[in-house]
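First the structure, in the form of structure tokens, and then the observations on it.
Both ligands and their constituent atoms are indexed starting at 1 by order of listing. Only a predicted model underlies this, so the values are computations on that prediction, with no experimental measurement involved.
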Amino acid sequence: MVDHTGSGPTAASVDRALRRAASGRALDVDEAAALLTARGDALDELLRVAGEIRDAGLREAGRPGVVTFSKKVFIPLTRLCRDRCHYCTFATVPHRLPAAFLDRDEVLAIAREGAAQGCKEALFTLGDRPEERWPAAREWLEARGYDSTLDYLRACAVAVLEETGLLPHLNPGVLSWSELQRLKPVAPSMGMMLETTATRLWSTPGGPHFGSPDKEPAVRLRVLDDAGRVGVPFTTGILIGIGETHAERVDAIFAIRRAQRGYGHLQEVIVQNFRAKPDTAMRGMPDAELHDLAATVAVARVLLGPRARIQAPPNLIAGEYDLLLRAGIDDWGGVSPVTPDHVNPERPWPRLEELARHTAKAGFTLRERLTVYPEYVRAGDPWLDPRVLPHVSALADPETGLAVEAARPVGRPWQEPEEVFGGRTDLHATIDTTGRTGDRRGDFDSVYGDWSEVAAQADASRATGSGVDRAGAAAGGVDRAAASGGDAGRARRRPGRRRASGTRTCVPGCGWPPTTRRRCSNRATPTPRWPCSPPTVPRWIGSAGSPTTFAATSSATTSPTWSTATSTSATSATSAAGSARSRSGSGTPTRTGSPWTRSPTGPRRRGRPARRRSASRAASTRSCRSPGTPT
Ligand SMILES: O=c1nc2n(C[C@H](O)[C@H](O)[C@H](O)CO)c3cc(O)ccc3cc-2c(=O)[nH]1
Ligand SMILES: C[C@H]1O[C@@H](n2cnc3c(N)ncnc32)[C@H](O)[C@@H]1O
Ligand code: SF4
């Protein structure tokens with residue numbers, strides 16, 4: 001185990017972990033935590049290894065040596081929040097604000113100014129569900145006919161698309177499955193920082209997340225999974241230096257890797273360093289140290305592999321561009337020539353010329369990307385809803401998926417789906433005739449995620465005999481079982497899982513999978529509109545979401561050539577996960593459930609009425625779901 005006595009890992013254990021990382025071996029929690037302490041020559045070596053993995057990934061992605069950023073405006077839709085994160089100065093109280101929310105015209109004015117200056121992203125960052133704490137927020141929304149902050153956010157995103165053509169990136173905190181569904185058509189990407197998986201930092205009085213219901217790690221981990229199931233290109237990340245141990249930090253990276261392997265939707269991982277602010281409870285805590293940040297970026301790179309896109313915000317790094325580039329980032333995130341970083345307003349963005357210069361000095365080319373990463377742009381369906389696709393296509397280079405830098409966004413119509421009572425009327429043809437020409441969909445092997453990951457999880461939970469233990473599995477301790485993919489909760493939502501557990505049925509009793517393509521027949525179901533099919537588990541096929549396992553070539557023991565094409569030797573797999581996989585033979589569970597050709601999201605739901613109901617956080621547990629969904 002990681003030493004918590006204060007003495008820390010020994011130099012020998014750091015060297016050993018470094019050698020394993022350099023030769024492409026799997027790292028466990030202890031080894032990764034040891035690497036976080038690397039300094040001096042050991043840190044240099046860690047950065048070298050991480051840098052090589054990043055470089056291999058960029059080569060494979062077809063953009064060798066390219067580091068990206070997104071030209072954006074920051075729209076702080078509301079600074080009221082029901083949470084109380086003790087490092088945050090973004091959240092404030094109503095009497096310090098001119099109004100509870102920016103109104104639509106203010107939002108559009110910011111977006112228009114951005115469009116005029118060549119920005120292509122509108123980053124909506126806001127407090128979580130302020131109406132649940134602040135009467136001022138409730139009244140503001142009520143007076144304008146909105147049910148919730150998220151309803152208003154959706155309306156503003158539509159306005160930005162229609163009036164300016166900027167692409168919304170939504171960062172409103174915790175979202176339920178149905179809220180993700182409802183927001184997907186209005187934004188090509190969304191995000192939520194995982195922050196940490198250390199539950200004690202949330203449950204202990206005085207902890208940075210004490211009093212913040214939306215910062216419970218189990219809740220945030222569920223959001224990561226739900227975003228995957230809905231097929232949202234999603235940004236997440238960790239906030240370092242808020243009191244977590246090294247082992248806890250590594251645990252969070254493993255949790256991110258688990259979600260990514262399952263769904264392939266994590267388009268980028270931000271490693272953000274805590275900055276102490278006056279007037280916060282954490283003002284006395286030291287800022288996260290930059291070598292600690294660099295070591296964390298490098299460890300994230302080693303664990304997440306070459307296909308991960310890793311970002312460090314360039315305004316929080318005190319000019320250490322070279323250090324962070326050496327550590328293995330490939331993205332600088334959103335940078336704005338127009339608006340401040342409202343989360344860290346005392347830290348101005350570097351000018352773009354300066355960012356390009358520093359990036360070039362380190363040997364890289366700076367290129368603009370869109371808020372949604374190139375791999376998802378190029379894939380289109382099922383990641384991008386057809387209603388937002390024209391806005392994305394107008395700004396994207398179809399070859400690279402990156403931004404066309406010279407393109408200037410212009411507003412274009414955004415179409416609400418028509419109310420079609422009675423649901424789809426073409427099912428007799430599209431499903432009963434056409435859809436049943438094969439026993440399963442053509443991309444079955446990849447589209448629902450990484451089956452070997454499912455097998456590992458099924459094995460792990462069979463071995464422990466565990467039921468759905470959301471808190472245990474999701475928040476995870478720092479034990480190897482958690483790090484190796486023991487997220488039983490998610491496994492139970494996967495189609496293959498039904499075979500493993502055998503006994504579970506659809507929550508409202510509609511008998512999934514036999515009714516896979518029909519509506520839930522159970523009238524008592526609160527949300528009977530959804531087909532009783534397993535929730536979408538779209539997956540980046542063969543690229544962003546493929547298993548991030550890779551191997552060193554035998555000819556290069558000290559300087560391996562990283563290959564993203566293999567899935568055998570597993571630097572990014574823990575040894576426990578590896579053994580779980582091998583226990584399951586082929587690694588792919590047998591699956592014989594009904595074939596389904598449709599999913600409830602995006603393109604496949606065209607024509608279906610959008611759900612108007614404002615969903616509560618628990619909504620995802622109420623819909624008609626696949627068996628064993630944790631409630
Ligand atoms: O300017 C910022 N952008 C933040 N971004 C946006 C980010 O820098 C990029 O704009 C997005 O990754 C899209 O390109 C976030 C996005 C998320 O989804 C989750 C958290 C953050 C946090 C910040 C932040 O603190 N400051
Ligand atoms: C938008 C994101 O900004 C980060 N965030 C919030 N406050 C701070 C701070 N003091 N220092 C660094 N990052 C912070 C959190 O990770 C949040 O999710
Ligand atoms: S970090 Fe986000 S959730 Fe926490 S207080 Fe600030 S705005 Fe609210």
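- Each protein N/O/S atom under 2.8 Å from atom 6 (Fe) of ligand 3 was counted, for a total of 1.
- Protein heavy atom at the shortest distance from atom 10 (O) of ligand 1 is E121 OE2, 2.8 Å.
- Looking from atom 4 (C) of ligand 1 to the surrounding protein, the closest heavy atom is L123 CD2, 3.9 Å.
- The list of salt bridge (charged side-chain N to carboxylate O under 4.0 Å, His left out) pairs with a residue in residues 329-344, not counting sequence neighbours, reads R301-D330, R309-D330, D331-R369.
- Inclusion of K72 in the set of residues having an N or O under 3.5 Å from an N or O of ligand 1 is warranted.
- Considering all non-hydrogen atoms of both residues, D83 and R133 come closest at O-NH1, 3.4 Å.
- Between W332 and the options Y321, F364, F69, a ring pair (Phe, Tyr, Trp, His ring centres under 6.0 Å) holds for only Y321.
- W349 does not carry R347 over the face of its six-membered ring by the limits of under 6.0 Å from the centre and within 45° of the normal.
- Protein heavy atom closest to atom 23 (C) of ligand 1, with residue, atom name and distance, is Q272 OE1, 4.5 Å.
- Contacts with ligand 1 closer than 4.0 Å are made by no heavy atom of F124, backbone or side chain.
- Counting only heavy atoms of the protein, atom 2 (Fe) of ligand 3 lies nearest to K215 NZ, 3.9 Å.
- For R79, no heavy-atom contact with ligand 3 is shorter than 4.0 Å.
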Output, or 'none' if empty, a list of ligand 2-protein atom pairs in which both atoms are N or O and the distance is under 3.5 Å, rounded to 0.1 Å.
| residue | atom | partner | partner atom | Å |
| --- | --- | --- | --- | --- |
| ligand 2 | 3 (O) | Q272 | NE2 | 3.4 |
| ligand 2 | 10 (N) | Y87 | O | 3.0 |
| ligand 2 | 10 (N) | R275 | O | 2.8 |
| ligand 2 | 11 (N) | R275 | N | 2.9 |
| ligand 2 | 13 (N) | Q272 | NE2 | 3.1 |
| ligand 2 | 16 (O) | E195 | OE1 | 2.6 |
| ligand 2 | 16 (O) | E195 | OE2 | 3.4 |
| ligand 2 | 18 (O) | E195 | OE2 | 2.6 |

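- Salt bridge present: E132 and R82 bring a charged side-chain N and a carboxylate O closer than 4.0 Å.
- At a distance under 4.0 Å, a protein heavy atom can be found next to atom 19 (C) of ligand 1.
- Within the listing of ligand 1, atoms 18 (O) sit less than 4.0 angstrom from a heavy atom of G191.
- For D55, there are no side chain to side chain donor-acceptor pair (under 3.5 Å) partners two or more places apart in sequence or in a different chain.
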